[in-house]
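A note on names: the letters A, B, ... follow the listed sequences, proteins ahead of strands, and every chain is numbered from 1.
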Protein chains: 2
Amino acid sequence: MSKSLPAVITTLERAGGFASAQEVFQLMRKQGKSTGLATVYRALQKAVSENTVDVLRKDDGEALYRLCATGHHHHLVCTSCGKTVEVEGSAVEKWANTVAKNNGFKKVSHVVELFGLCQKC
Amino acid sequence: MSKSLPAVITTLERAGGFASAQEVFQLMRKQGKSTGLATVYRALQKAVSENTVDVLRKDDGEALYRLCATGHHHHLVCTSCGKTVEVEGSAVEKWANTVAKNNGFKKVSHVVELFGLCQKC
DNA sequence: ATTGATATTGATAATCATTATCATTTCTGG
DNA sequence: CCAGAAATGATAATGATTATCAATATCAAT
Ligand SMILES: [Mn+2]
Ligand SMILES: [Mn+2]
Ligand SMILES: [Zn+2]
Ligand SMILES: [Zn+2]
């Protein structure tokens, strides 16, 4: 997964914003790459696990990926215009781990998204 | 959709307030109800659109439904057996409001769910 | 009560993103 | 070079969700 991952990331970068695995796959095919769909999924999963790529889900459940400059963080999304601000959540990380530990849970992950109306809206 | 919806909601309530559409369907079958899977989906969608039921997604993308709690709280869910613990999040509430204010957002809501493996799993 | 329009339902098939397989190819250390 | 390990891509399988559609219930107006 060392050879294909950079190509997948580059394609995701060229895609601009959010893109699904299927879209990344199609884009790579259009550029003549022969990378397989399974490899695209593998690369994106690895990237997500390494926190170099963000993943969130559309309303229909499809996963969308986006290149992420910084490390683990969350989002503040305007429900009207879609404007998205990346936010730090060190307080939340700490809280999540504490809660999990208090309840005997292991391998904890969390979903934290904020929604509201931005200044323009 | 008027006749089946109450039964679906009642079943969701019995499930402990947290279940997938498939689980609700199975539960109803075990109780002798002949309600179809499609109807369960229809009822849950309607309930979500009416804000009487919340929907969130597991890491694998499956949708989970729960009755809207009277009091605001969050959940720690076992990704293996589905065990759910309700947790307080006052630290998170404060953090969410601060972040929103710092970014000029109004009418902020948030989605905060924790996932992991419980002691048994 | 009888019609007929309309909405609801449940079984079934179709959709489609994601995963699992597996044979083939590519890497790697020696 | 060479065996073993890792990566890859084609393909099939999985499984939740959605779309169909014929059958049935609802209901207002005769
Ligand atoms: Mn991000
Ligand atoms: Mn909260
Ligand atoms: Zn906005
Ligand atoms: Zn468990």
Practice task
May I ask you to evaluate whether A:R29 reaches the phosphate of D:dA10, defined as a side-chain N or O under 4.0 Å from OP1 or OP2?
Solution key: yes
Practice task
Rounded to the nearest angstrom, tell me the gap between atom CZ in B:F25 and atom C1' in D:dG15.
Solution key: 14 Å
Handout entry: Protein-nucleotide distance (B:K46, atom NZ; C:dT9, atom P), rounded to Å
Key = 9 Å
Problem - Separation of D:dT8 P from A:L5 CG (nearest whole Å) - result: 9 Å
Practice task
Taking the side chain as every heavy atom from C-beta outward, state whether A:V108 and A:V99 have any pair of such atoms under 4.5 Å apart.
Solution key: no
Completion exercise
Among C:dT9, C:dG10, D:dT8, the one nearest any side-chain atom of B:T35 is C:dG10
Completion exercise
Assign each of A:S20 and A:R42 the nucleotide of DNA chain C bearing its closest heavy atom; nearer the 5' end lies the nucleotide of A:S20
Exercise for the section: Assign B:Q45 to base, sugar-phosphate, or nothing according to its heavy-atom contacts below 4.0 angstrom with the strands shown. Expected result: sugar-phosphate
Exercise for the section: Go ahead and name the base partner of D:dT30; Watson-Crick or wobble counts if both distances stay under 3.5 Å, otherwise write none. Expected result: C:dA1
Exercise for the section: Kindly indicate, with the supporting measurements, whether the criterion side chain to side chain contact (heavy atoms under 4.5 Å, CB included) is fulfilled by A:V55 and A:L64. Expected result: CA-CA 6 Å; A:V55 58; A:L64 296 182; over 6 Å; no
Exercise for the section: Name the closest nucleotide to the A:T39 side chain, picking from D:dT8, D:dT20, D:dA10. Expected result: D:dT8
Problem - Pairwise 5' ranking along DNA chain D for B:K3 and A:D60, keeping only the more 5' one - result: A:D60
Fill in the blank from the handout: Taking D:dA7, D:dA19, C:dT18 as options, the one with an atom nearest any side-chain atom of A:M1 is D:dA7
Exercise for the section: Evaluate the side-chain proximity of B:E86 to B:H75: yes if any heavy-atom separation is below 4.5 Å, no if none is. Expected result: yes
Handout entry: Separation of C:dT8 P from B:L37 CG (nearest whole Å)
Key = 18 Å
Problem - Rounded distance in Å - NZ (A:K33) to P (D:dT8) - result: 12 Å
Exercise for the section: Indicate, with a heavy-atom threshold strictly under 4.0 Å, whether A:E62 touches base, sugar-phosphate, or nothing. Expected result: sugar-phosphate
Problem - Length of the CD-P vector between B:E23 and D:dT17, whole Å - result: 10 Å
Exercise for the section: Give me the ring orientation class for A:H74 and B:W95: parallel if the planes are under 30° apart, tilted from 30 to 60°, perpendicular past 60°. Expected result: perpendicular
Completion exercise
When rounded to whole Å, the OH to P distance for the pair B:Y65 and D:dA16 reads 12 Å
Exercise for the section: Select one nucleotide: of D:dA16, C:dA17, D:dG9, the one nearest the side-chain heavy atoms of B:Y41. Expected result: D:dA16
Handout entry: Spacing of A:Q22 atom CD relative to C:dC16 atom P, expressed in whole Å
Key = 10 Å
Problem - Check against side chain to side chain contact (heavy atoms under 4.5 Å, CB included), B:Y65 and B:V24 - result: CA-CA 9 Å; B:Y65 303 86; B:V24 170; over 6 Å; no
